[in-house]
Amino acid sequence: MTGSEKCLAKGCPAPGPVPEGTIRVYSMRFCPYAQRARLVLAAKGIKHEVININLKNKPDWFFEKSPFGLVPSLETSNGQVIYESPIVCDYLDEVYPGKKLTPADPFQKAQQKMTLEHFSKVTTVLYKIMGAKKNNEDLSTVKEELQEKLLKLDEILAKQNSLFFGGSEVSMVDYMIWPWFERLIIFDAKDCLNKTTHIDKWYQQMLQDPVVKAIYIEPDVMLGFFKLYIQGDLEAYDYGL
């Protein structure tokens with residue numbers, strides 16, 4: 001992996017063409033959606049460069065790389081642009097050789113997508129918690145809602161009778177879900193795993209995955225970012241560098 005650690009902000013020049021034989025990912029170190037793409041890139045051993053973007057102060061040219069102004073987006077050496085994290089991750093798995101993270105069986109593939117639909121209800125509540133924390137509101141009701149959603153996800157994993165959501169080994173669905181579990185500490189929600197025994201076991205196994213370890217952000221760094229982020233500090237995105 002090559003690229004810039006520091007975020008590019010408004011007024012920064014656009015990077016040059018993507019070198020032949022590599023792919024560029026526009027990212028932000030603390031963004032869970034961008035982490036999905038970086039996990040897949042690492043899992044498949046894809047040669048790539050990372051360009052981090054300051055999402056609160058975006059360069060004007062970034063909208064040519066991502067029309068919604070969001071990360072992740074990919075740019076190929078042919079100038080092709082791919083954006084939105086599920087689309088980006090599917091593209092990487094389809095185009096690049098090596099271990100396939102998505103099952104070939106249509107039903108298993110559908111199962112993974114249905115699991116992600118259930119998980120989307122979890123992310124909705126997590127962002128409610130973020131808003132409540134920002135406004136110094138009581139978290140008890142929204143944390144009960146989170147616990148309810150996580151218990152449903154725990155039931156799904158229990159019924160599958162497998163260590164991971166994709167089966168006996170880590171697959172696409174696990175990498176798509178993981179970034180939010182890495183961030184449970186900033187949502188004050190780590191204790192919710194106490195009642196979801198199957199997810200807790202999955203969580204501990206995911207922490208041992210070499211790809212997760214390579215991309216992992218330490219909790220104190222994550223908390224430092226979040227503290228600046230909720231204050232609206234434009235330097236939050238470069239926290240710890």
Side-chain angles (χ1 to χ4, degrees), residues 30-40 43 68 70-72 83-94 99-133 139-209 211-212 215-217 222:
F30 300 102
C31 174
Y33 296 97
Q35 188 177 355
R36 284 174 161 179
R38 298 200 325 274
L39 286 166
V40 172
F68 299 133
L70 302 173
V71 292
Y83 50 92
E84 290 295 293
S85 65
I87 299 168
V88 162
C89 293
D90 284 345
Y91 173 87
L92 291 170
D93 200 31
E94 288 174 15
K99 177 186 176 183
K100 289 296 179 188
L101 299 173
T102 305
D105 178 77
F107 178 66
Q108 290 178 356
K109 189 184 292 186
Q111 275 188 313
Q112 291 206 5
K113 289 184 176 180
M114 289 186 288
T115 298
L116 283 174
E117 283 300 310
H118 281 284
F119 179 69
S120 70
K121 310 300 186 290
V122 173
T123 59
T124 299
V125 182
L126 286 172
Y127 289 117
K128 279 188 189 178
I129 292 175
M130 182 182 284
K133 282 174 67 67
L139 300 180
S140 55
T141 301
V142 73
K143 280 188 71 175
E144 285 176 12
E145 187 181 351
L146 175 63
Q147 187 73 76
E148 177 192 328
K149 305 298 183 192
L150 285 173
L151 284 168
K152 179 62 181 174
L153 204 61
D154 198 65
E155 285 175 22
I156 291 169
L157 188 55
K159 285 177 183 175
Q160 289 181 196
N161 195 28
S162 60
L163 191 53
F164 299 101
F165 282 99
S168 60
E169 58 182 11
V170 183
S171 64
M172 183 67 84
V173 65
D174 300 291
Y175 287 137
M176 295 289 277
I177 287 173
W178 171 255
W180 284 268
F181 283 90
E182 190 171 307
R183 286 158 179 77
L184 284 181
I185 190 167
I186 68 173
F187 297 107
D188 284 340
K190 187 86 180 297
D191 58 317
C192 289
L193 296 184
N194 297 339
K195 296 181 181 177
T196 54
T197 53
H198 297 90
I199 289 179
D200 186 50
K201 189 175 180 182
W202 169 85
Y203 176 85
Q204 299 303 330
Q205 288 296 314
M206 288 295 289
L207 283 173
Q208 301 308 312
D209 179 66
V211 174
V212 167
I215 308 294
Y216 187 75
I217 296 175
M222 194 77 79

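Just so you know, these numbers come straight off a predicted model, no measurement behind them.
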Less than 4.5 Å apart, side chain to side chain, heavy atoms only: is that true for [X] and [Y]?
X      : Y      : result
Pro86  : Arg36  : yes
Phe165 : Leu116 : no
Met176 : Leu39  : no
Ile217 : Phe30  : yes
Gln160 : Thr115 : yes

Count the heavy atoms belonging to other residues, nucleotides or ligands that lie under 6.0 Å from CG of Asp105, then report whether that count exceeds 12.
yes
Taking the inter-plane angle between the rings of Trp178 and Tyr203 on a 0 to 90° scale, is it parallel (under 30°), tilted (30 to 60°) or perpendicular (over 60°)?
tilted
Would you say the side chains of Gln35 and Glu182 form a donor-acceptor pair under 3.5 Å?
yes
Please tell me whether Trp180 and Tyr127 have a donor and an acceptor in their side chains that are separated by less than 3.5 angstrom.
yes
Taking it one step at a time, do Thr196 and Leu193 satisfy side chain to side chain contact (heavy atoms under 4.5 Å, CB included)?
CA-CA 5 Å; Thr196 54; Leu193 296 184; 3.8 Å; yes
Within the side chain of [X], is there an N or O that forms a donor-acceptor pair under 3.5 Å with the backbone of [Y]?
X      : Y      : result
Lys143 : Asp188 : yes
Lys149 : Phe119 : no
Asp174 : Phe164 : no

